[in-house]
Amino acid sequence: MKSVLTLIAAPLMALGLALPAHAQALPDLAGRTIKAVTENAYYPLNFADKTGAGIGLEYDVINEAAKRLNAKVEWNLSAWDVMIEAVRTGQFDIGADGITINEEREAQIDFTQPFITVEQYFLVRADEGRITGVQSFKDDDKLLFGAQPGTSAFYTAIYDVLDGDEANPRVKLFDTFGASVAALKTGDVDAVIADQSAAAGYIGADPGAFKQVGEPIKSEPLGFILTPGSDLVAPFNAAIDQMKADGTLDALIKKWFFEYGQQNS
């Protein structure tokens, strides 16, 4: 996943940064190479900079955790629609793409603890006046969502806004989140559901094109996915705990959610 200017005023604790009382002692992975995968399509969690290099919060958190665990990270790219299966079958060790922790996914893959909790909102065109929240969208059957299939935004649109029918024609499907936002801009759809980070990124990158409307539709904890039974779950959880306790995770979230957008807008 996967940002809005209102986020700049939000306290970091609202992003789920409750700190543990004591950081855990970390295991030593003895220089092990960890194969990580992401999509590079979910600002500011994972995306490509002007040189094409992958950057973002998830890169920094995984790289920092691996450093503390005495491990190396080999980064790979994958489309979202095959990422979970690729990690589940062991092609990669850990996956990061703004992945919401939920029961359905926990039944097929392992998760770390949440490294952040984000809220989802409507992202609409700046001149949109029909959409003010869930009920206004639900009641107007001419309004269309854009969504990437299999993502939390897709399921939120279907189950938290519409009727629970995953084939509902009011949801137009796109290969990437960015493509759905492009369709929103051109008027092919009327709204996408975006978390705070993604919304703020698009609003900041294209001033006057988009706005966020309504109250939060839902809050979602995000974690990293790992191969079922992976021996990396406990070490990464311990590293995330330590990063929470010493303020590193707080600083990284501030960097990517607040500072990066301001410095590069």
* To do: Output yes when Arg130 and Asp190 qualify as a salt bridge under the 4.0 Å nitrogen-oxygen rule, no when they do not.
  => yes
* **Glu166 side chain to Tyr159 side chain, donor-acceptor N/O pair below 3.5 angstrom** => yes
* Structure fact -> To the nearest 0.5 Å, atom CH2 of Trp75 lies from atom CD1 of Ile94 at 7.5 Å
* Structure fact -> Rounded to the nearest 0.5 Å, the CD atom of Gln108 sits from the CD atom of Glu106 at a distance of 10.5 Å
* Asked: Do Phe122 and Phe137 have ring centroids that are under 6.0 Å from one another?
  -> yes
* Could you go step by step and tell me if Phe47 and Trp256 meet the side-chain contact (heavy atoms from CB on, under 4.5 Å) rule? -> CA-CA 11 Å; Phe47 62 106; Trp256 290 108; 3.8 Å; yes
* For Thr248 and Asp246, test the side chains for any donor-to-acceptor distance below 3.5 angstrom and give the result as yes or no. => yes
* Structure fact -> One should read off an interatomic distance between Phe92 CZ and Glu85 CD, to the nearest 0.5 angstrom, of 12.0 Å
* To do: Treating Ile, Leu, Val, Met, Phe, Trp and Tyr as nodes and any side-chain heavy-atom pair under 4.5 angstrom as an edge, say whether Ile99 and Val82 lie in one connected cluster.
  => no
* To do: With rounding to the nearest 0.5 Å, note down the distance linking CD in Gln148 to CZ in Phe154.
  => 11.0 Å
* Looking at CD1 of Ile34 and NZ of Lys72, how far apart are the two atoms once the value is rounded to the nearest 0.5 Å? -> 11.5 Å
* To do: Begin with the C-alpha distance, continue with both residues' side-chain angles, and end with the deciding distance and a verdict on salt bridge (charged side-chain N to carboxylate O under 4.0 Å, His left out) for Asp206 and Lys185.
  => CA-CA 10 Å; Asp206 198 348; Lys185 184 175 181 179; 2.5 Å; yes
* Spacing of Leu45 atom CG and Asp97 atom CG [to the nearest 0.5 Å] -> 8.0 Å
* Checking side chain to side chain donor-acceptor pair (under 3.5 Å) for the pair Asp49/Thr51: CA distance, chi angles, key distance, verdict? -> CA-CA 5 Å; Asp49 67 10; Thr51 71; 2.7 Å; yes
* Asked: Salt bridge or not for Asp127 and Lys211, using N-O below 4.0 Å?
  -> no
* Take Tyr202 and Phe177 through the ring-ring contact (aromatic ring centres under 6.0 Å, His included) test and state the conclusion after the steps. => CA-CA 11 Å; Tyr202 282 100; Phe177 179 73; 5.7 Å; yes
* To do: Apply the test side-chain contact (heavy atoms from CB on, under 4.5 Å) to residues Leu232 and Leu29: give CA-CA distance (whole Å), side-chain angles for both, the deciding distance (0.1 Å), then the verdict.
  => CA-CA 9 Å; Leu232 292 173; Leu29 298 184; 3.8 Å; yes
* **Asp195/Glu220 under side-chain contact (heavy atoms from CB on, under 4.5 Å): CA gap, chis, key distance, verdict** => CA-CA 9 Å; Asp195 65 43; Glu220 298 192 316; over 6 Å; no
